[in-house]
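Reading through the structure tokens given below for one structure.
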Amino acid sequence: MAQIQITLPDGSRREYPKGVKPSEIAASLSQKLAKNALAAKVDGRLVDLNRPIDGDALVELVTFDSPEGQAVYRHTTAHVLAQAVKRLFPEARLTIGPAIEDGFYYDFDVEKPFTPEDLERIEAEMKKLIQENLPLERSEVSRKDAVALFKKAGEPYKVELAEELPEGETISLYRQDGFVDLCAGPHLPSTGRIKAVKLLSAAGAYWRGDEHNRMLQRIYGTAFDSQKDLEEHLHKLEEAKRRDHRRLGKELDIFSIHEDAGPGLIFWHPKGGHVRELIENFWREEHRKRGYDIVYSPHIAKVDLWKTSGHWGWYRENMYSPMPIDEVEYLLKPMNCPFHILMFKSQMRSYRDLPLRWAELGTVYRYERSGVLHGLLRVRGFTQDDAHIFCRPDQLQQEIMGVVDLARFMMKSFGYKDYDVKLSVRDPNNKEKYAGSEEVWQAAEGALVGALTALGIPYEVDEGEAKFYGPAIDIKVKDALGRGWQGPTIQCDFNLPERFDISYVGEDGAPHRPVMIHRTVLGSMERFVGGLIEHYAGAFPLWLSPVQARVMPITDRHHEYALRVAEELRAAGLRAEVDTRNEKVNYKIRQAQVEKVPYMLVVGDKEVEAGTVSVRHRETGDLGPVKVEEFKHRARKEIEEKV
RNA sequence: GCUCAUGUAGCUCAGUCGGUAGAGCGCGUCCUUGGUAAGGACGAGGUCAUCGGUUCAAUCCCGAUCAUGAGCUCCA
């Protein structure tokens, strides 16, 4: 029998008979690998473990440790889900069922939505199918046969999918027991390989994500290669629920939303207002330090201005209806940029004046469909930490570097350590969608790339993610639970300077078009604070805590001293209050813990005598007595360091 | 906007197979003066989301509306 040469990821080579299967290679390498391999990458292509290899190849065995392995594993679980549903609901029509981050889903066309009880039954059925350890068999068919097969099976969605596959594409089917699905694969060799599975929820979803299409019923689930990991994951979901900013926002009295006022409109309570004020003050200070000027602009403007800016054309869907004032129509602003441009145009600008960096905490209003509103994260009125930089083309890269540096500084200051940087560029196949010439785009992309390179920041390119007016750097931050959040964005804009025909006088005495950078480092105060609440699980670091220290007298004969201590702390710039209620210290402590007050200062006879406070920290617990002076010093240091 | 679910005291939730409701927490008063996560007693709080319909009678059944939640799509 002919031999072929298999190269392994570590570079070593081994001989195998022609037609060897990846599973056999795994078995020849180690028992562990034979057990853990889920699929294989042959010359970079992901294939089934039992797919024979016909020639020399680079083979890598894929396990659950890799994202590809997890995807294969969960994709197979999705098939098991589909099979279980077909067993229990034979009239259900199959559509699609991919693996997604942390799990999988499968969409079915059924008459009635699935109930939680249905999910339990389906999950039980899935476990049976796993028990049965059914092998998954791959077969390749012609498109005609595939279409005929699914027509006969009464699966119209599968027929539609098969018909749309490009000419010449290999069409594969995966079969387990009586269940057949149109699928590119690869898959696990058998259903018994699935160790731990859990169905999470059911919800409606449109066929192909288009609301004009029929609504299908989607079942979400997840699968892991051990019960322990599954439980850990479910635990993480619980933890996320515990940190939900809507829940904590209410518990900590940070904000509210009122049916009487309208959905998506935020009311900042004193505690939330305090946190926001602290963030805004810090923000202003940092911007001043970095050469920004702070501006304010109105909330409404004439419709004509929005026509000039292009918003009336491009963005009308998100804007509220015009209001007539003295027979002229006005619109509530969804963005601040046109206003900053008007200010730019208020006088002649010289190349010597540039760059102009104008920042505004600008409150804007955007229409969002009722179904997408979500606590502080998706609202209809919000305050952006907006800024526009007007600069010369030769200053562009330097300015972008400045913004990236500021963005990084801000993220660090708020305890975000991990982030991914994306370069959002045009969709190369659809360049007509974008305003501006090829040269301008290339220059702008060059400037963005140049800035990232100069700062040594690795990034990924996201094609088709650019705004219509220019490319952007989008930063995704990761919170304490490893979840991604939209962070700072830096966009180059060539469209608005053109539309408003703004210019500066160059060295040559001629008018030149400035470049505009549109950027935000926090996003909006609403979304940012919502994210912070979840990131810190409500326990804001000392510098952001609305109440930094609460003094707790043990009996009322200690009140006078307690009040004096609090007064002294306040004089030192600390936010301190006294709990003079007729309650035991235990109770006062419990309450302060629940409110996540960083420092509890217990004072009784001993403290009054010695001029001390007994410090308890919300996380580290009882720290013992210290002089008031000493506590002030420590707290101020902690605030300074923003930890 | 669409699909489904939910809406009962400030909060979290019971409950009534149709006869106008209850707990815990919180709040108030009193007792208690207690050293690192809940001391005790008493009390006040609800047009059961809103509007209609069926019924002798609706918080409960039906319909509409509004809001919230899980998704679909989009973004700060």
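None of the values given here were measured: they were computed from a predicted structure. Per chain, numbering begins at 1; letters A, B, ... match sequence-line order.
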List the steps and the verdict of side-chain hydrogen bond (donor to acceptor under 3.5 Å, both in side chains) for A/T383 and A/S524.
CA-CA 5 Å; A/T383 301; A/S524 71; over 6 Å; no
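- As rounded to the nearest Å, B/G10 and B/G45 have C1' atoms that lie 9 Å from one another.
- With respect to A/E607 and A/R564, no salt bridge is recorded, no charged nitrogen being found less than 4.0 Å from a carboxylate O.
- A side-chain donor-acceptor contact under 3.5 Å links A/S424 and A/D474.
- Ring-to-base geometry does not place A/Y587 in a stacked arrangement with B/A37 (centre distance under 5.5 Å, plane angle under 30° required).
- Rounded to whole Å, atom C1' of B/C72 lies 17 Å from atom CZ of A/F108.
- Seen from the ring of A/F255, A/R246 does not count as a face-on cation partner, given the 6.0 Å and 45° thresholds.
- Under 4.0 angstrom from either OP1 or OP2 of B/C74 there lies no side-chain N or O belonging to A/Y367.
- At a cut-off of 3.5 angstrom, the base of B/G1 holds at least one donor-acceptor pair with the side chain of A/Y206.
- With hydrogens and angles left out, the side chain of A/Q593 and the base of B/A38 share no donor-acceptor pair within 3.5 Å.
- When both pairing distances are held under 3.5 Å, B/A23 makes a Watson-Crick or G-U pair with B/U12.
- Rounded to the nearest Å, the gap between the P atom of B/A70 and that of B/G52 is 32 Å.
- The nucleotide B/G71 finds its pairing partner in B/C2, both defining distances of the Watson-Crick or G-U wobble pair being shorter than 3.5 Å.
- Between A/K241 and A/D244 there is no salt bridge, since no side-chain N of the basic residue sits under 4.0 Å from a carboxylate O of the acidic one.
- Contacts of A/D386 with the nucleic acid, taken as non-hydrogen atoms under 4.0 Å apart, are absent.
- Residue contacts for A/V364: at a heavy-atom cut-off of 4.0 Å it reaches no nucleic acid atom on any strand shown.
- Between A/V379 and A/E368, the closest side-chain pair of non-hydrogen atoms is not below 4.5 Å.
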Can you give one letter per nucleotide of nucleotides 60-70 of chain B, going 5' to 3': B for a protein heavy atom under 4.0 Å from the base, S for sugar-phosphate only, - for none?
------BSSSS
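- Here the rule is side-chain hydrogen bond (donor to acceptor under 3.5 Å, both in side chains) with A/E630, and of A/R634, A/K632, A/K627 only A/R634 fits it.
- Comparing the P positions of B/A67 and B/C31 gives a spacing of 49 Å, expressed to the nearest Å.
- Annotation: A/F104 is not in aromatic contact with A/Y220 [ring centroid separation under 6.0 Å not met].
- Looking at heavy-atom distances under 4.0 Å, A/T115 makes no contact with the nucleic acid at all.
- The nucleotide B/A38 finds no pairing partner, because no Watson-Crick or G-U wobble arrangement with both distances shorter than 3.5 Å includes it.
- The distance from atom CG of A/D579 to atom C1' of B/A38 is 13 Å, rounded to the nearest whole Å.
- B/G15 and B/G7 have their P atoms separated by 11 Å, given to the nearest Å.
- Mapping A/R527 and A/G624 onto RNA chain B by nearest heavy atom places A/G624 at the nucleotide closer to the 5' end.
- With salt bridges taken as basic N to acidic carboxylate O contacts below 4.0 Å, none links A/E463 and A/R426.
- Using a 4.0 Å cut-off, some side-chain N or O of A/K250 falls inside it from OP1 or OP2 of B/U12.
- If you check B/C51 for Watson-Crick or wobble pairing at under 3.5 angstrom, you find it paired to B/G63.
- Using a 90° window around 0 for the glycosidic torsion, B/G45 falls inside it and is classed as syn.
- Nearest nucleotide to the side chain of A/R366, out of B/C72, B/A76, B/G35: B/A76.
- On the C1' atoms, B/A21 is 14 Å away from B/C13, given to the nearest whole Å.
- Screening A/E583, A/K584, A/M600 for a side-chain contact (heavy atoms from CB on, under 4.5 Å) involving A/M552 leaves a single residue, A/M600.
- For A/R369, no side-chain nitrogen or oxygen approaches OP1 or OP2 of B/C75 to under 4.0 Å.
- The partner of B/C17 is absent, by the rule that a Watson-Crick or G-U pair needs both atom distances under 3.5 Å.
- Distance noted for atom C1' between B/U20 and B/G46: 11 Å (whole Å).
- Annotation: B/G40 and B/G22 have their P atoms spaced 24 Å apart (nearest Å).
- Across all strands shown, B/U33 forms no Watson-Crick or G-U wobble pair with both distances under 3.5 Å.
- A/V585 comes within 4.0 angstrom of the backbone, heavy atoms only, and of no base.
- Both A/T520 and A/Q217 lie close to RNA chain B; mapped to their nearest nucleotides by heavy-atom distance, the more 5′-ward contact belongs to A/Q217.
- Distance check on atom P: B/A49 versus B/U59 gives 9 Å, rounded to whole Å.
- Heavy atoms of A/E607 sit under 4.0 angstrom from at least one base atom.
- Among the heavy atoms of the strands lying under 4.0 Å from A/N586 are primed sugar atoms or P, OP1, OP2 only; no base atom is included.
- When Watson-Crick and G-U wobble pairs are counted only if both distances are under 3.5 Å, B/G45 pairs with no nucleotide at all.
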